[in-house]
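Right, one structure below, let's go through it.
Just so it is clear: chains get the letters A, B, ... in the order the sequence lines come, proteins before strands, and each one is counted from 1.
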2 protein chains.
Amino acid sequence: MPSLTAENYLKTIYHLLEQEPDGVTTNTLAASLSIKPATVTDMLRKLSTDKLVKHEKYYGVTLTDKGRKTALEIIRRHRLWEVFLAQKLQFAWDEVHDMAEQLEHVQSDELIERLDKFLGYPKTDPHGDPIPDKRGKISIHDFKPLCVLTQKQTGVISGVTEHSPSFLQYLEKNGLSLGNEIEVMEVHAFDMSADVKLNQKKVIHLSYDVTKNILIKQHGK
Amino acid sequence: MPSLTAENYLKTIYHLLEQEPDGVTTNTLAASLSIKPATVTDMLRKLSTDKLVKHEKYYGVTLTDKGRKTALEIIRRHRLWEVFLAQKLQFAWDEVHDMAEQLEHVQSDELIERLDKFLGYPKTDPHGDPIPDKRGKISIHDFKPLCVLTQKQTGVISGVTEHSPSFLQYLEKNGLSLGNEIEVMEVHAFDMSADVKLNQKKVIHLSYDVTKNILIKQHGK
DNA sequence: AAACTATTTTAGGCTAATCTAAATTATTTT
DNA sequence: AAAATAATTTAGATTAGCCTAAAATAGTTT
Ligand SMILES: [Mn+2]
Ligand SMILES: [Mn+2]
Ligand SMILES: [Mn+2]
Ligand SMILES: [Mn+2]
């Protein structure tokens, strides 16, 4: 029964550990939560006491099994609510995150089970991110950033690594939604931008800032 | 933008004013919120500063127009979520309240509008209580407690004034759900209990504690 | 009208979550 | 290896929301 605040710490630590698996620093966590490092240190002491994190003073923090399980529960709730908002209430994929940030803290296991069933047990959220099952098991995909594909390689847009409304709206406007096929026509060495063919039709030009944040499931893989 | 705590005060004051229209006392409010009177006095000062309530020291508190509007928004959210839980997630009417207590605090006007639409603009919640519209307009019914009906009078079960799971489960078990027809066969003077015919079939015996909490829409009214 | 009782408010304290400023520790540069 | 710099922790303070105990007020009884 962690507080809403503690839940947000655990979730954020979980996400940051995906980039820095052997420990998240106090500053990184503070920046991510938009609070001061001193506040983070305080909370890490409490989370340590509750055996949710392991904090090596002056080095960094990682999750315990208990902490990881809790984080995955929150992520499960967040992503199921996002599916609900997108599929049932017809919100666009750039609109669902902020509401899910609130809904994820509603405490009721039964509610989440029923919601899962109501949604038809979805495996991914509107951004292509996998939804952990009720036991905290999460499937890991081997999607690659579009920027690592080379000429002639093809695949399906299957996720994003950037969730800001402005980025998602940009993708939507250019027809780059989940499920669409792409083929890399040419990569320009000087700025890493790429020409990409969409659904075997239109060719569009994408900057590196865009291609690095689009995840591709490669064909025949 | 009242806090979650302030929202609960406003909602509770609104409900208590339905019984005591010219002012809710500090003790009543404290009991209703399960906190101490001293704490209530503190919060009432803050809500007064924010022009949400009018507090006459040592007498009682009422809502300002602004406070009433806010309370009705929260009640709207609560009841719409209850409809969602009952109709879409198949929860029983005695299970929805606690989850709605949490969901009602999720802040997003657009979410509530879409939810309302998704549910087909319901006019009442699973307990028969009216759902305020987005402008804070709430329809008032003229349902009467079953206990005031006399022999031979008939009507339809249309609401309850007691929401505890044990009471609601009792009603459910005895077929006393919303929409069912009743006819008063006999009222026993010594304990105010009543024999009531359900859907022109079975006659059941109900104590006063039960009949006073069932609201009836009388036929031809 | 005075005294008593019940209710309400005030005074002073506590905890969770935040902050700023100062002290400490680790890392990098010279 | 010392000094400088950067990151982190500690110390002390603040605010919201709660508490208990004491003081003040209102309502009731004699
Ligand atoms: Mn999200
Ligand atoms: Mn998502
Ligand atoms: Mn309710
Ligand atoms: Mn209800």
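The phosphate of C:dT10 (OP1 or OP2) has a side-chain N or O of B:Lys57 nearer than 4.0 angstrom. A sub-4.0 Å separation between OP1 or OP2 of D:dG27 and a side-chain N or O of B:Tyr59 is present. Between C:dA16 and A:Thr5, no contact under 4.0 Å exists linking OP1 or OP2 to a side-chain N or O. OP1 or OP2 of C:dT18 has not a single side-chain nitrogen or oxygen of A:Thr39 nearer than 4.0 Å. At C:dT9, one or more side-chain N or O atoms of B:Thr26 fall inside 4.0 Å of OP1 or OP2 (strictly under the cut-off). Under 4.0 angstrom from either OP1 or OP2 of D:dA6 there lies no side-chain N or O belonging to A:Asn27. Not one side-chain nitrogen or oxygen of A:Thr25 sits closer than 4.0 Å to the OP1 or OP2 atom of D:dA7. For the OP1/OP2 pair of C:dT18 and a distance below 4.0 Å, the side-chain nitrogens and oxygens of A:Tyr9 include at least one atom meeting the criterion. Not one side-chain nitrogen or oxygen of B:Thr41 sits closer than 4.0 Å to the OP1 or OP2 atom of C:dT8. Contact between the side-chain N/O atoms of B:His55 and the OP1/OP2 oxygens of C:dT8 is not found at any separation under 4.0 Å.
With a 4.5 Å cut-off on side-chain heavy atoms, B:Asn213 and B:Val160 do not count as touching.
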Does the pair A:Phe84 and B:Phe84 meet the rule for a ring-ring contact (aromatic ring centres under 6.0 Å, His included), with working shown? CA-CA 12 Å; A:Phe84 169 74; B:Phe84 168 73; 5.0 Å; yes
Between B:His127 and B:His97, is a ring-ring contact (aromatic ring centres under 6.0 Å, His included) present by the stated rule, with each step listed? CA-CA 10 Å; B:His127 312 105; B:His97 180 79; 7.2 Å; no
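Atom pair A:Asp42:CG and C:dT20:P shows a separation of 14 Å (rounding to whole Å applied). Rounded to an integer number of Å, the gap from OH of A:Tyr58 to P of C:dA23 is 13 Å.
In the set D:dT20, C:dT18, D:dT8, D:dT20 carries the atom at the smallest distance from any side-chain atom of B:Ala38. Of the candidate nucleotides D:dC19, C:dT10, C:dT18, C:dT10 has the atom lying nearest to any side-chain atom of B:Arg45. Taking only side-chain atoms of B:Ile35, from C-beta outward, the nucleotide of C:dA17, D:dC18, D:dA24 with the closest atom is D:dC18.
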